[in-house]
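Below is one structure; the comments refer to it alone.
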Amino acid sequence: QVQLVESGGGSVQAGGSLRLSCAASGRTFSGYAMGWFRQAPGKEREFVAAISWGGSMRYYADSVKGRVTISRDNAKTTVYLQMNSLKPEDTAVYHCAAGLLGPTRADYFSDHRYRYWGQGTQVTVSS
């Protein structure tokens, strides 16, 4: 079992920045790819970004590419999501997720491939 706890959400104006953190605990963190997904009211959950265990592979949704950076510190068992130039359409609950993923790129984009999920942190961007 892996427990995930997100933090760092909040309310910002458009153009602002936030850094989300996801702290993992429980059984070994080793080998787990990590992803960030978000869900806005009335919408389906959507992929935001993902990173492989070693950090060599990083993937981003087109809607956030160039504005968002995912990183991880395995020694601290923490994953980060730096979000810049935030837009009102980025408003959502952001969840981190962990899964044992292989080299298949498509797997990183699919929420079904992640086994463990955090409760989420709210991000609200006002215009």
Side-chain angles (χ1 to χ4, degrees):
Q1 190 81 6
V2 175
Q3 290 81 41
L4 303 174
V5 179
E6 303 94 337
S7 61
S11 298
V12 297
Q13 291 191 328
S17 298
L18 284 173
R19 188 174 86 150
L20 307 184
S21 298
C22 173
S25 61
R27 64 176 295 172
T28 179
F29 187 59
S30 177
Y32 280 86
M34 299 297 295
W36 284 95
F37 291 78
R38 67 186 182 186
Q39 188 165 21
K43 295 187 177 181
E44 292 189 355
R45 184 164 58 192
E46 65 173 355
F47 171 80
V48 178
I51 187 169
S52 60
W53 157 246
S56 62
M57 295 182 287
R58 307 184 191 203
Y59 303 104
Y60 298 95
D62 289 342
S63 59
V64 303
K65 199 171 293 183
R67 301 187 295 119
V68 166
T69 302
I70 189 170
S71 61
R72 66 189 296 162
D73 184 337
N74 288 339
K76 296 182 178 179
T77 63
T78 301
V79 178
Y80 305 98
L81 189 71
Q82 177 67 44
M83 303 190 295
N84 301 321
S85 302
L86 284 163
K87 305 176 181 179
E89 51 264 44
D90 293 319
T91 296
V93 176
Y94 284 69
H95 298 268
C96 68
L100 291 172
L101 306 181
T104 304
R105 178 179 182 273
D107 286 350
Y108 287 82
F109 291 77
S110 173
D111 58 356
H112 298 296
R113 300 294 297 174
Y114 293 84
R115 181 172 183 180
Y116 301 106
W117 290 82
Q119 292 298 308
T121 185
Q122 175 72 46
V123 171
T124 303
V125 185
S126 58
S127 57

Ring pair (Phe, Tyr, Trp, His ring centres under 6.0 Å) partners of residues 84-112, not counting sequence neighbours, each pair once: Phe47-Phe109, Tyr59-Tyr108, Tyr59-Phe109
Gln119 backbone acceptor or donor facing Glu6 side chain under 3.5 Å: yes
For [range], which residue pairs pass the salt bridge (Lys or Arg N to Asp or Glu O under 4.0 Å) check, not counting sequence neighbours?
range            : answer
residues 117-127 : none
residues 45-55   : Arg38-Glu46, Arg45-Asp111
residues 98-107  : Asp107-Arg113
residues 67-89   : Arg67-Asp90

Least distance between heavy atoms, Phe37 atom then Ser110 atom: CZ-C, 4.1 Å
Closest non-hydrogen atom pair, Ala24 against Val2: CB-CG1, 4.2 Å
Could you state the interatomic distance from [atom1] ([X]) to [atom2] ([Y]), rounded to the nearest 0.5 Å?
X      : Y     : atom1 : atom2 : value
Thr69  : Arg19 : OG1   : CZ    : 11.5 Å
Tyr114 : Leu4  : OH    : CG    : 12.0 Å
Met83  : Leu20 : CE    : CG    : 4.0 Å

Remaining members of hydrophobic cluster (4.5 Å side-chain criterion), Val93: none
